[in-house]
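Letters A, B, ... mirror the listed sequences (proteins, then strands); counts begin at 1.
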Protein chains: 2
Amino acid sequence: MSQKIYDGKAISHLISNVAEDELCDLAELFKVFGDSTRIKILYDLINGEKNVTEICADLEMNQSAVSHQLKLLKSSKLIGSRRAGKQIIYFLADDHVKTIIAMGKEHIEE
Amino acid sequence: MSQKIYDGKAISHLISNVAEDELCDLAELFKVFGDSTRIKILYDLINGEKNVTEICADLEMNQSAVSHQLKLLKSSKLIGSRRAGKQIIYFLADDHVKTIIAMGKEHIEE
DNA sequence: TGAACACATGAATATTTTATCATATGTTCA
DNA sequence: TGAACATATGATAAAATATTCATGTGTTCA
């Protein structure tokens with residue numbers, strides 16, 4: 001909103017409104033990764049696409065809970081899906097997911 | 001727990017218990033980035049260390065809320081602190097924070 | 001067509017998380 | 001020492017989120 005005078009130069013406020021929106025989007029993105037069910041799903045899909053039943057089996061979780069999280073992951077554009085007969089096949093939307101997870105693992109293992 | 005036989009090879013369950021713990025740790029890490037207040041603090045500190053009052057001013061948030069989040073960030077080892085007289089100065093613990101944020105930004109801007 | 005299967009979804013509940021309020025702790029300096 | 005300042009913290013209230021349950025929708029196949 002206002003500006004600060006610092007070292008003789010007018011600099012915009014560190015977190016201007018535009019940056020603030022960007023940071024909120026970032027938080028939204030990380031929030032998606034910040035749930036163990038969702039990250040397990042993402043990790044599960046690294047090995048290739050799977051249908052809902054397979055994912056439920058891998059996570060040992062009930063179908064409804066998994067479907068709800070799949071929906072959230074899809075609306076976040078992290079996964080995509082296609083129908084194959086009775087089944088819906090889910091897959092990672094792009095390589096960013098792998099990169100971000102790898103990044104996090106690296107941090108943890110430091 | 002059990003193993004699956006796939007393509008003639010015994011492979012451990014995709015999400016074995018050990019991997020499961022690792023994934024939960026990962027979720028914990030991302031959860032920290034997944035809050036707008038915390039990510040604003042982290043972003044604020046990219047420009048250099050700051051005391052609590054400065055951070056509060058930058059975020060336009062009350063001191064108690066900020067302190068609570070600082071505590072969480074510190075317990076997650078993402079920031080460190082030192083005392084300087086009456087003030088406590090906070091700073092990013094390492095470069096991973098910058099990298100992870102950059103990573104996320106890249107994904108968003110795709 | 002209708003039964004069986006695979007998945008989605010709305011509502012309710014349970015759980016977790018965040019901000020606020022009041023107050024406590026630690027430091028400086030007159 | 002004690003007042004003023006900077007920060008931390010416990011408790012509580014408020015908000016957001018996840019899971020469960022019941023049920024709905026879409027597809028296959030006999």
Side-chain angles (χ1 to χ4, degrees), chain A residues 15 20 23-45 48-92, chain B residues 15 20 23-45 48-92:
Chain A
I15 297 182
E20 176 157 3
L23 289 171
C24 288
D25 288 348
L26 254 184
E28 289 302 306
L29 174 66
F30 286 123
K31 194 173 296 185
V32 180
F33 288 87
D35 172 80
S36 60
T37 298
R38 286 190 295 266
I39 209 161
K40 282 176 195 168
I41 292 175
L42 292 173
Y43 191 76
D44 198 18
L45 295 180
E49 55 180 32
K50 297 201 174 176
N51 66 41
V52 179
T53 302
E54 289 173 317
I55 298 171
C56 291
D58 288 340
L59 303 205
E60 298 176 33
M61 282 188 66
N62 97 60
Q63 180 263 317
S64 182
V66 169
S67 275
H68 278 295
Q69 298 308 319
L70 285 170
K71 183 177 186 175
L72 202 156
L73 285 167
K74 193 175 178 189
S75 75
S76 303
K77 308 272 176 68
L78 294 179
I79 63 177
S81 68
R82 63 187 171 79
R83 179 176 280 279
K86 282 184 286 193
Q87 309 176 130
I88 308 282
I89 314 289
Y90 283 93
F91 47 85
L92 296 185
Chain B
I15 297 183
E20 177 156 2
L23 289 172
C24 288
D25 288 349
L26 255 183
E28 289 302 307
L29 174 66
F30 286 123
K31 195 172 296 184
V32 180
F33 287 87
D35 172 80
S36 59
T37 298
R38 287 190 295 267
I39 209 161
K40 282 175 196 169
I41 293 175
L42 292 172
Y43 191 77
D44 198 18
L45 295 179
E49 54 181 33
K50 297 202 174 175
N51 66 43
V52 179
T53 302
E54 288 172 318
I55 298 171
C56 292
D58 287 341
L59 303 206
E60 298 177 34
M61 283 188 67
N62 96 61
Q63 180 263 318
S64 182
V66 168
S67 276
H68 279 295
Q69 298 308 319
L70 285 170
K71 184 177 186 176
L72 202 155
L73 286 167
K74 193 176 179 188
S75 75
S76 303
K77 308 271 177 68
L78 295 179
I79 63 177
S81 69
R82 65 187 170 79
R83 179 176 280 281
K86 282 184 286 193
Q87 309 175 129
I88 308 282
I89 314 289
Y90 283 93
F91 48 85
L92 296 185

Enquirer: Report the end-to-end axis angle of the helix from C:dT1-D:dA30 to C:dA30-D:dT1; each axis comes from five terminal pairs, and the value is rounded to 10°.
Expert: 10°
Enquirer: Check side-chain hydrogen bond (donor to acceptor under 3.5 Å, both in side chains) between A:Gln63 and all other residues, then give those that pass, not counting sequence neighbours.
Expert: A:Ser67
Enquirer: In terms of side-chain heavy atoms of A:Asn51, which of D:dT19, C:dC7, D:dT9 is nearest?
Expert: C:dC7
Enquirer: In this structure, how many angstroms lie between the C1' atom of D:dT17 and the CG atom of A:Leu70, rounded?
Expert: 17 Å
Enquirer: State whether the side chain of B:Arg38 and the backbone N or O of B:Lys31 hold a donor-acceptor pair below 3.5 Å, judged by distance alone.
Expert: yes
Enquirer: Is any side-chain nitrogen or oxygen of A:Arg38 closer than 4.0 Å to OP1 or OP2 of D:dT17?
Expert: no
Enquirer: Strictly below 4.0 Å: does B:Thr37 bring a side-chain N or O up to OP1 or OP2 of C:dA19?
Expert: yes
Enquirer: In whole Å, what is the span from the CD atom of A:Gln69 to the P atom of C:dC7?
Expert: 17 Å
Enquirer: Which sits closer to the 5' end of DNA chain D, A:Ala65 or B:Val52, going by the nucleotide each is nearest to?
Expert: B:Val52
Enquirer: Can you list the residues that meet the ring-ring contact (aromatic ring centres under 6.0 Å, His included) rule with A:Tyr90, with sequence neighbours excluded?
Expert: none
Enquirer: For A:Lys50 and A:Asp44: C-alpha separation, side-chain torsions, deciding distance, then whether salt bridge (charged side-chain N to carboxylate O under 4.0 Å, His left out) applies.
Expert: CA-CA 8 Å; A:Lys50 297 201 174 176; A:Asp44 198 18; 2.9 Å; yes
Enquirer: Please give, in whole Å, the distance from D:dT7 P to B:Asn62 CG?
Expert: 13 Å
Enquirer: Take A:Leu26 and A:Leu23 through the side-chain contact (heavy atoms from CB on, under 4.5 Å) test and state the conclusion after the steps.
Expert: CA-CA 5 Å; A:Leu26 254 184; A:Leu23 289 171; 4.2 Å; yes
Enquirer: Identify the pairs formed between an N or O of the protein and an N or O of nucleotides 10-16 of chain D at a distance under 3.5 Å, and give each distance.
Expert:
residue : atom : partner : partner atom : Å
D:dG10  : O6   : B:His68 : NE2          : 2.8

Enquirer: Side-chain contact, heavy-atom cut-off 4.5 Å: A:Leu78 with A:Leu29?
Expert: yes
Enquirer: For B:Leu59 and C:dA19, what is the distance between atoms CG and P respectively, to the nearest whole Å?
Expert: 10 Å
Enquirer: In whole angstroms, how far is the P atom of D:dT20 from the CD atom of A:Glu60?
Expert: 13 Å
Enquirer: For B:Phe33 and A:Phe30, take the angle between the two ring planes, folded into 0 to 90°, and tell me which bin it lands in: parallel under 30, tilted 30 to 60, perpendicular over 60.
Expert: tilted
Enquirer: Output the rounded distance in Å from CD (A:Glu54) to C1' (C:dA6).
Expert: 12 Å
Enquirer: Take B:Leu45 and B:Ile55 through the test side-chain contact (heavy atoms from CB on, under 4.5 Å) and record every step on the way to the result.
Expert: CA-CA 8 Å; B:Leu45 295 179; B:Ile55 298 171; 4.1 Å; yes
Enquirer: Identify each donor-acceptor pair in which a side-chain atom of residues 80-87 of chain B lies under 3.5 Å from a protein atom, sequence neighbours left out, and give them as a table.
Expert:
residue : atom : partner : partner atom : Å
B:Ser81 : OG   : B:Lys74 : NZ           : 2.8
B:Arg82 : NH2  : B:Glu49 : OE1          : 3.3
B:Arg82 : NH2  : B:Glu49 : OE2          : 2.3
B:Arg83 : NH1  : B:Gly85 : O            : 3.0
B:Gln87 : OE1  : B:Asn51 : ND2          : 3.0

Enquirer: List, with names and distances, any nitrogen or oxygen atoms from the protein found under 3.5 Å away from nitrogen or oxygen atoms belonging to nucleotides 23-25 of chain C.
Expert:
none

Enquirer: Which residues satisfy the side chain to side chain contact (heavy atoms under 4.5 Å, CB included) test with B:Ser36, sequence neighbours excluded?
Expert: A:Cys24, A:Ala27, B:Lys40
Enquirer: Give me the residues of residues 72-91 of chain B where at least one heavy atom lies under 4.0 Å from an atom of DNA chain C, by number, or none.
Expert: B:Arg83, B:Gly85, B:Lys86
Enquirer: Can you tell me the distance, in whole Å, between the NZ atom of B:Lys40 and the C1' atom of C:dA19?
Expert: 13 Å
